[in-house]
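Order of listing sets the numbers, starting from 1, for every ligand and every atom in it.
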Amino acid sequence: MEENAREAAWAALMELAERPGAAAIRPLFAADPDRFARFSRQAGDVLLDFSKTAISDAVLKALLALAEASDVAGFRARLFAGAAVNATEGRAALHMALRAEPGDDFRAGTEDIMPEMLAVRARMEEFTRAVHEGRILTPTGQRFTDVLNIGIGGSDLGPAMVARALWTNGSPLRGHFLANVDGHAWAEMQAKLDPARTLVLVASKTFTTQETMANAALARDWLREAVGEAGAAQHMAALSTNLAATSAFGIAPERVFGFRDWVGGRFSLWSAIGLSLALTLGWDAFARLLAGARVMDQHFCDAPLPQNLPVLLALVEAWHVNGLGYPSRAVLSYDERLARLPAHLQQLEMESLGKRVAVSGAPLHRASGPVVFGEPGTNAQHSFIQLLHQGTTPVPVDFILIARPDHAYADSHRKLLANGLAQAEALLNGKDAAAVTAEMRAAGVAEAEIARFLPHRIFPGDRPNVTMLLPRLDAYTLGQLVALYEHKVAVLGALWGINPFDQWGVELGKQLAGPISAELNAGKPRQGAHDGSTAGLISRIAEIWPEGHA
Ligand code: F6P
């Protein structure tokens, strides 16, 4: 019955999407001078403007009906109640508890998780303040100057993105992030750091991730060589759920900051995984980041669906992916400090929503998560934006604009904002044949030339985009923005009927890498173990790099 209602809601939406002119946006503006006011919403510090999409009143109504029929509100209630919404792993998804405050009520199943969560947060705060105040020093009695976070995926991208966004010259410690199992990355990192002044954080939920454990072992050797085995222990801390493995690695229990399996990797920057942020930005900034995310949690939890930013952002995506068939989305943040935001969103969205079966295991019969990519503006304007304006398939864009800068160069900031606004407007309005012709005539171009160049110079327009406007970029507003995207992902999980909290698709490559590594060491592929291409490449590498095998 429920499934029927849901399919009926999808059918009603698709009926609107298939109408002629369904993708047109300009007529909606022409017909409604109040469109900006009617198709934008504010929550906390975030203004979401989705007026530059082909969402009419009728489409919005159909999208909200789809949210109803998909029981988004029920899913949201189960999420906040700590039900096992991550069905394939039998876990809750309670990252909201990580930014909760005393008095908030979060339970995983029936377990009250607040005391443990607040206790870990208190330990993180005490450790951070002790490092900053010089109560925790290096074994030779010096202050730490640098923090090296070793982790990958969610144990790297979220913290690295926030550190890039918020670190300033006045911040307490310098932060560095090592993720890839590439000796070049480690060699570069070593060259920048003094082991005698560096605090190494091994960040891994599982403490089994091959790349992280390999890099952590290299860093441990590096520290031991510089400050001895006992000294090295004072240079390290672990952020993990796997206490047995952290102790086997040689990290003392008082240097381990834990969290629970109901924190997904890509949702973990708020947990002990964020210790690098507390250390490099200061405790108060980390606390503000959590407080900002909590603002968005409360909005998501309480606001009715038609006013709910994560819900609306998810519905816009469903309209673009399913209604209009757009398979990708670009994120253009007009702020250099958000340079790593697209990388974080790539994991958050594609690892969560890149699924081909429903929670039930049945194959999906409609598209799920789009390809997400991005760059800061204006740099993007000089690389891939050509395709966004004139490519064959529209690519919806998220523009992220920050109204007030934190520098003294007002003219630069005006230019930056003007470019963001101009791109959004250009994607919407395009430039038709009449305008191009008039422009070329005014410039004295001959008629034959005009005819030749006209098709190349036309911008079709009606390319959808949303804008998220923040008054400024700081820990509090960034927390809100990131939590907005997290909840959008959860809503899309409910709309598409998929589990946004697992990631089985990352396992196969990991399984295969182990044996291939052994074969590279042996200098030849195992007989019959591979397709001809893989076997051929293993052999070829062994020929070119004979030192790589025993
Ligand atoms: O390989 C993907 C993944 O499992 C991500 O989901 C996760 O964020 C990352 O690896 C790192 O995992 P861990 O924190 O356990 O080292």
*At a heavy-atom distance under 4.0 Å, which protein residues reach ligand 1? Sort them by chain and number, would you?*
Ile152, Gly153, Gly154, Ser155, Ser204, Lys205, Thr206, Thr209, Gly265, Gln347, Glu351, Gln503, Val506, Lys510
Verify the neighbour count for atom [atom1] of [X]: are there more than 12 heavy atoms of other residues, nucleotides or ligands below 6.0 Å?
{"X": "Glu225", "atom1": "CD", "answer": "no"}
{"X": "Arg135", "atom1": "CZ", "answer": "yes"}
{"X": "Arg340", "atom1": "CZ", "answer": "no"}

*Only one of Val202, Thr241, Leu239 passes side-chain contact (heavy atoms from CB on, under 4.5 Å) with Phe207; say which it is.*
Val202
_Taking the ring of His344 and the ring of Tyr485, is the distance between their centroids below 6.0 Å?_
no
*Check whether the side chains of Ser352 and Arg266 place a donor and an acceptor atom closer than 3.5 Å, and report yes or no.*
yes
